[in-house]
Colleague: 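Here it is, the structure, as structure tokens.
By convention in this document, chain letters (A, B, ...) are assigned in the order of the sequence lines, proteins followed by strands, and residues within each chain are numbered from 1.
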Amino acid sequence: MSKGFRNITGTFDILPDSQTIDGTTIPGARIWVDAECRIRGVMALYGFQEIRTPVLEPTELIARGVGQDTDIVSKEMFAFERGDTRYVMRPEVTAPVMRSYLQHHLDQKGGVQKLFYIGPCFRAERPQKGRYRQFHQFGVELIGAEGALADVEAISVMMDIYQKLGVHDTRLRINSLGDETCRSKYRKALLEYFEPLRSELSETSRSRLKTNPLRILDTKVEKERALLKNAPRLVDFLDSAGRAHFTLVKDMLGDVGIPFVEDPFLVRGLDYYSHTTFELESPVLGAQSALAGGGRYDFLAKAIGHRHQVPAIGFAAGFERLFQAMKAGGQNMDIPQHTQIYLVALGDEAQRWAQTTAARWRSAGHSVIYDLKGRSMKAQMREANRLNAGMVVIIGSDELASGSVVVRRMDSGEQQNVSLASIDSLVAT
RNA sequence: GUGGCCGUAGCUCAGUAGGUUAGAGCGCCAGGUUGUGGCCCUGGAGGUCGGGGGUUCAAUUCCCCUCGGUCACCCCA
């Protein structure tokens, strides 16, 4: 609009209060903090520990971890070079967390590592509803356990978090991609199936026959979806161990009361997934309906150069979509600012009194605010109201002379005179 | 990367079949209440009508370009 600087396309400022721009609500900082607190609370119930890794990572880590042929790596990375080092703004956090886990030998700490993260990610996509170039994720990486218990543990925290955040209208889809051997068998079968139908496929699907045939499964083209009905199913290619794992996961989800639908066409866009994959979607989100997605990634460690295979499962979830879902669910997206005490000071001497009194009360743990501009009483009262002050203490020349101040309760409007000598004890209660 | 839609006050939006001082609601500030908020009343500030070029006696309005926003495709959180 004006000629001044603006935030970069696809990014947004989080202001103290929520803002609505062209119908899109960007929650204020208080909302973000509140959501983060609740997420941390649920994580703690499960014993997940927070990990914070750098936003900048070696390009090679992401390229090898996420997969060279994925959209993320091939066209969506914010990457640059300095000297002979190549950097990326991380497009996701799973590979970085695995990197950190391996680098710091967290496997030597005994047991499994139950990690969670909260932070920004970057992808150079064209922004649209629910999609930004800098977006914010939270997620879980549960590393070191290969059994179905771990899968269900990861899915459970995820479901619990959405419950606690008041997002109830969701659908959990799950699938199993098996391991590399079943997948390559399946890939072959899929190729054989689609080869004769080549002419029916879209251009992108045809090129995927070469690069990544599995990705044809999540096509949105109607005609292709019809073709998929008779296509071979991945489940039929799982080996007995893979099948048993998947069955166990489904049984256990039933045991803990998490409803889900099995979706044989659920494949995820990142190379590192194997076996269990899942996605939580919300019908209120529009085109970008995925609230969270995840799966098992037992082969990631080797893909990024580790000697051994490291079993792991996790999910990543988007804050922006979470907030959209919360808002669509009728949740209040405004948490008002509030303060305990507002000092209305009139005149220089009263201001000095307010300053020293505020210092004393603040160190006692009360939130105390007073006017910094020497404004009129009316203006100060109005501000006290805006800040939802519980109590206002008024002091001017009269009060200084008489040695007592006026204390007003803002909710009831009750007022009383309190001597300067005893004012501290009143506040202490 | 491709396509549709949209740019008028801080926000949500009217408006002019091209015409002289561009409006409303909310918000903000002030007064009504010379020291008392939230409700009400009154007033005020705030706009190069996104930017540039063109057509015209005259452009916020019509045309072109550009920038920005938004939605969708691809894909993902």
Colleague: Would you say the side chain of A/H366 lies within less than 4.5 Å of the side chain of A/V427, judging by non-hydrogen atoms?
Modeller: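 Yes, at least one pair of side-chain atoms sits under 4.5 Å.
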Colleague: Have A/Y46 and A/E153 got a donor and an acceptor in their side chains that come within less than 3.5 Å?
Modeller: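 There is no such pair (donor and acceptor under 3.5 Å, judged by atom type) between the side chains of A/Y46 and A/E153.
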Colleague: Can you measure A/F12 atom CZ to B/A77 atom P for me and round it to whole angstrom units?
Modeller: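 Distance check: A/F12 CZ to B/A77 P gives 16 Å.
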Colleague: How long is the line joining CG of A/N385 and P of B/C29, in whole Å?
Modeller: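 Interatomic distance, CG of A/N385 to P of B/C29: 12 Å.
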Colleague: Looking only at side-chain N and O atoms, does A/Q128 come under 4.0 Å of OP1 or OP2 in B/A72?
Modeller: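 Checking B/A72 against A/Q128, a side-chain N or O does come within under 4.0 Å of OP1 or OP2.
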Colleague: Describe the nucleic acid contact of A/A379 in one word from base, sugar-phosphate, nothing, applying a heavy-atom distance below 4.0 Å.
Modeller: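 It contacts sugar-phosphate atoms only.
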Colleague: Can you check whether A/F319 stacks with the B/A77 base, using ring centres under 5.5 Å and planes within 30°?
Modeller: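 No, A/F319 does not stack on the base of B/A77, since the centre distance and plane angle fail the 5.5 Å and 30° test.
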Colleague: Would one find a side-chain N or O of A/R382 under 4.0 angstrom from OP1 or OP2 of B/C28?
Modeller: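 For B/C28, neither OP1 nor OP2 has a side-chain N or O of A/R382 closer than 4.0 Å.
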Colleague: Paired with B/C26: which nucleotide, if any, by Watson-Crick or G-U wobble criteria at under 3.5 Å for both distances?
Modeller: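 Paired with B/G10.
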Colleague: To the nearest Å, give me how far apart CE (A/M377) and C1' (B/U36) are.
Modeller: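 Going from A/M377 (CE) to B/U36 (C1'), I get 4 Å.
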Colleague: Can you work out whether A/I8 or A/L270 has the more 5'-proximal nearest nucleotide on RNA chain B?
Modeller: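 Comparing both residues, the 5'-ward one is A/I8.
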Colleague: Rounding to an integer number of angstrom, what distance separates B/U55 and B/G44 when you compare their P atoms?
Modeller: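 Result for the P pair: 41 Å, nearest Å.
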Colleague: With rounding to the closest Å, how many angstrom separate the C1' atoms on B/G46 and B/U33?
Modeller: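 Roughly 27 Å separates the two C1' atoms.
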Colleague: Establish, with yes or no, whether the OP1 or OP2 oxygen of B/C29 is under 4.0 angstrom from a side-chain nitrogen or oxygen of A/R386.
Modeller: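 Yes, such a contact exists.
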Colleague: Rounding to an integer number of angstrom, what distance separates B/C39 and B/C26 when you compare their C1' atoms?
Modeller: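 Roughly 16 Å separates the two C1' atoms.
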Colleague: Counting only Watson-Crick pairs (N1-N3 plus N6-O4 or O6-N4) and G-U wobbles (N1-O2, O6-N3), all under 3.5 Å, who is the partner of B/C57?
Modeller: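 The answer is B/G19, by the H-bond criterion.
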Colleague: Measuring only the P atom in each nucleotide, how far is B/C13 from B/C71? A whole number of Å is fine.
Modeller: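 Nearest-Å result for B/C13 against B/C71 at atom P: 13 Å.
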Colleague: Specify the separation, in whole Å, of atom CG of A/D71 and atom P of B/A77.
Modeller: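 Computing the A/D71:CG to B/A77:P distance gives 11 Å.
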Colleague: Please classify the nucleic acid contact of A/Q19 as base, sugar-phosphate, or nothing, using heavy-atom distances under 4.0 Å.
Modeller: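 The answer is nothing, as A/Q19 stays clear of every strand by at least 4.0 Å.
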Colleague: With nearest nucleotide decided by heavy atoms, which residue, A/I394 or A/R126, maps closer to the 5′ end of RNA chain B?
Modeller: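 Closest to the 5' end, via its nearest nucleotide, is A/R126.
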Colleague: Considering only atom P, compute the distance from B/G25 to B/C67 and round it to an integer number of Å.
Modeller: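 Nearest-Å result for B/G25 against B/C67 at atom P: 38 Å.
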Colleague: Does the side chain of A/R52 come within less than 4.5 Å of A/E50's, by heavy atoms?
Modeller: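 Heavy-atom side-chain distance check passes, below 4.5 Å.
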Colleague: Which nucleotide, in any strand shown, forms a Watson-Crick or G-U wobble pair with B/G1, with both distances under 3.5 Å?
Modeller: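 Base-paired to B/C73.
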Colleague: Hey, does A/A384 reach any base, or is it just sugar-phosphate, or nothing, if we go heavy atoms under 4.0 Å?
Modeller: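 A/A384: no heavy atom of the nucleic acid under 4.0 Å.
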Colleague: With hydrogens left out and only the distance checked, is there a donor-acceptor pair under 3.5 Å joining A/Q380's side chain and the base of B/U36?
Modeller: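 For A/Q380, whose side chain was compared with the base of B/U36, there is no donor-acceptor pair (under 3.5 Å).
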Colleague: Looking at B/G35, which nucleotide sits across from it as a Watson-Crick or G-U wobble partner, both distances under 3.5 angstrom, or is there none?
Modeller: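 Paired with B/G35, as far as the under-3.5 Å criterion goes, is no nucleotide at all.
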Colleague: What does A/L291 touch in the nucleic acid at a heavy-atom separation under 4.0 angstrom: a base, only the sugar-phosphate, or nothing?
Modeller: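 Since only primed, P, OP1 and OP2 atoms lie under 4.0 Å of A/L291, the category is sugar-phosphate.
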Colleague: From the options B/G68, B/G37, B/G35, select the nucleotide whose nearest atom is closest to the side chain of A/M381.
Modeller: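 Of B/G68, B/G37, B/G35, B/G37 is nearest to the side chain of A/M381.
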Colleague: Return the nearest nucleotide to the side chain of A/E320; candidates are B/A77, B/C73, B/G37.
Modeller: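 Nearest to the side-chain atoms of A/E320, counting from C-beta on, is B/A77.
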Colleague: Quick one: sort the A/F138 and A/Y162 rings into parallel, tilted or perpendicular, breaks at 30° and 60°.
Modeller: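 Tilted, since the angle between the ring planes falls between 30° and 60°.
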Colleague: Think A/S376 has a side-chain N or O under 4.0 angstrom from the OP1 or OP2 of B/G35?
Modeller: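 No, A/S376 has no side-chain N/O under 4.0 Å of OP1/OP2 on B/G35.
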Colleague: Looking at the side chain of A/T9, which of B/G69, B/G37, B/G35 is the nearest nucleotide?
Modeller: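 Within the option list, the nearest is B/G69.
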Colleague: Measure from NZ or CZ of A/K327 to the centre of the six-membered ring of A/F323 and say whether it is under 6.0 Å with the direction within 45° of the ring axis.
Modeller: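 No, cation not above the ring by the 6.0 Å, 45° rule.
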Colleague: Could you state the atom-to-atom distance from CD of A/E414 to P of B/G37 in whole Å?
Modeller: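 Taking atom P of B/G37 as the reference, CD of A/E414 is at 17 Å.
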Colleague: If we only count heavy atoms from C-beta on, is the A/L420 to A/W353 side-chain gap below 4.5 Å?
Modeller: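 In contact.
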Colleague: If we only count heavy atoms from C-beta on, is the A/I174 to A/T277 side-chain gap below 4.5 Å?
Modeller: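 Side-chain contact under 4.5 Å: no.
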Colleague: Identify whether any heavy atom of A/D411 sits under 4.0 Å from a base atom; if not, whether one sits that close to sugar-phosphate; answer base, sugar-phosphate or nothing.
Modeller: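 Here A/D411 touches the bases of the nucleic acid.
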Colleague: By the 4.0 Å heavy-atom rule, please label A/G139 as base, sugar-phosphate, or nothing.
Modeller: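 It contacts nothing in the nucleic acid.
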Colleague: Take the protein atom CE of A/M410 and the nucleotide atom P of B/U36, then report the distance between them rounded to whole Å.
Modeller: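 These atoms are roughly 13 Å apart.
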Colleague: Determine the interplanar angle of the A/H275 and A/H245 rings, folded into 0 to 90°, and report it as parallel if under 30°, tilted if 30 to 60°, perpendicular if over 60°.
Modeller: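 Taking A/H245 first and then A/H275, their aromatic rings sit tilted (interplane angle of 30° to 60°).
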Colleague: For a quick check of understanding: with a heavy-atom distance under 4.0 Å over all strands, which category does A/E92 fall into, base, sugar-phosphate or nothing?
Modeller: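 No contact.
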Colleague: Pick the C1' atom in B/C64 and in B/A30, then give their distance to the nearest Å.
Modeller: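 Those two atoms are separated by 47 Å.
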Colleague: Confirm from the modelled atom types if A/Q324 and B/A77 form a donor-acceptor pair under 3.5 Å, side chain to base only.
Modeller: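 For A/Q324, whose side chain was compared with the base of B/A77, there is no donor-acceptor pair (under 3.5 Å).
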Colleague: Categorize A/Q134 for me: base, sugar-phosphate, or nothing, with a 4.0 angstrom heavy-atom threshold over every strand shown.
Modeller: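 Counting heavy atoms under 4.0 Å across all strands, no contact is made by A/Q134.
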Colleague: Could you measure between the two P atoms, the one in B/A58 and the one in B/U66, and give it in whole Å?
Modeller: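 B/A58 and B/U66 have their P atoms separated by 26 Å.
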Colleague: Rounded to the Å, how far apart are A/M391 CE and B/G37 P?
Modeller: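 That distance rounds to 19 Å.
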Colleague: Specify the separation, in whole Å, of atom NZ of A/K378 and atom C1' of B/C28.
Modeller: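 Going from A/K378 (NZ) to B/C28 (C1'), I get 14 Å.
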Colleague: Would you say A/R409 places a side-chain N or O within less than 4.0 Å of OP1 or OP2 belonging to B/G37?
Modeller: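 A/R409 to B/G37 OP1/OP2: no side-chain N or O under 4.0 Å.
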Colleague: Tell me if the centroids of the rings in A/F116 and A/F48 come within less than 6.0 Å of each other.
Modeller: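 So the answer is no for these two rings.
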Colleague: Pick the C1' atom in B/G27 and in B/C6, then give their distance to the nearest Å.
Modeller: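 Each nucleotide's C1' atom is 24 Å from the other's.
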Colleague: NA contact type, A/Y132, heavy-atom cut-off 4.0 Å: base, sugar-phosphate, or nothing?
Modeller: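 Base: the residue A/Y132, judged by heavy atoms under 4.0 Å, touches a nucleobase.
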